Amino acid sequence: MASVILHFAFPDRYPILDRFAMAAVGSTPFYSFERWEQYCELCRKVAADSGLTMRTLDKALWQIGKNPR
């Protein structure tokens, strides 16, 4: 819930963290604050390197995690 609030308050800074997004990056749905920080940094880097908005990246990670191959 907190990640949703942060995402909509600061859309370019924080992704929404959920089990599908965590699965998309190869992590378990169980996370600590440290893992949350690492996930945010990863998403910021990927978004910046690819020219995507955090929201677009967030949607993509959710979709990838929801429908793994």
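Because the structure is a prediction, the values reported are computed rather than measured.
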* Hey, any chance Met22 and Trp36 share a hydrophobic cluster, counting ILVMFWY side chains that come within less than 4.5 Å of each other, even indirectly? -> yes

* What is the minimum heavy-atom distance between Tyr39 and Ala21, and which atoms define it? -> OH-CB, 3.1 Å

* Asked: Closest approach of Gly65 and Ala24, non-hydrogen atoms and distance?
  -> N-CB, 3.7 Å

Under the 3.5 angstrom rule, does the side chain of [X] hit a backbone N or O of [Y] as a donor-acceptor pair?
{"X": "Ser50", "Y": "Val46", "answer": "yes"}
{"X": "Arg44", "Y": "Arg13", "answer": "yes"}
{"X": "Asp58", "Y": "Ile16", "answer": "yes"}

[atom1]-[atom2] distance between [X] and [Y], expressed to the nearest 0.5 angstrom:
{"X": "Cys40", "Y": "His7", "atom1": "SG", "atom2": "NE2", "answer": "11.0 Å"}
{"X": "Cys43", "Y": "Asp12", "atom1": "SG", "atom2": "CG", "answer": "13.0 Å"}
{"X": "Leu42", "Y": "Leu57", "atom1": "CG", "atom2": "CG", "answer": "8.0 Å"}

* To do: Determine which pairs satisfy salt bridge (charged side-chain N to carboxylate O under 4.0 Å, His left out) with at least one residue from residues 17-37, sequence neighbours left out, and list them in order.
  => none

* Check whether any side-chain heavy atom of Met54 sits under 4.5 Å from a side-chain heavy atom of Pro11, and report yes or no. => no

* Pairwise side-chain contact, Ser3 with Pro15, heavy-atom cut-off 4.5 Å (strictly under) -> no

* Report the residues that fulfil ring-ring contact (aromatic ring centres under 6.0 Å, His included) with Tyr14, sequence neighbours left out, ordered by chain and then residue number. => none

* Asked: Where do Leu61 and Phe20 land on the side chain to side chain contact (heavy atoms under 4.5 Å, CB included) test, with the steps shown first?
  -> CA-CA 7 Å; Leu61 289 174; Phe20 296 127; over 6 Å; no

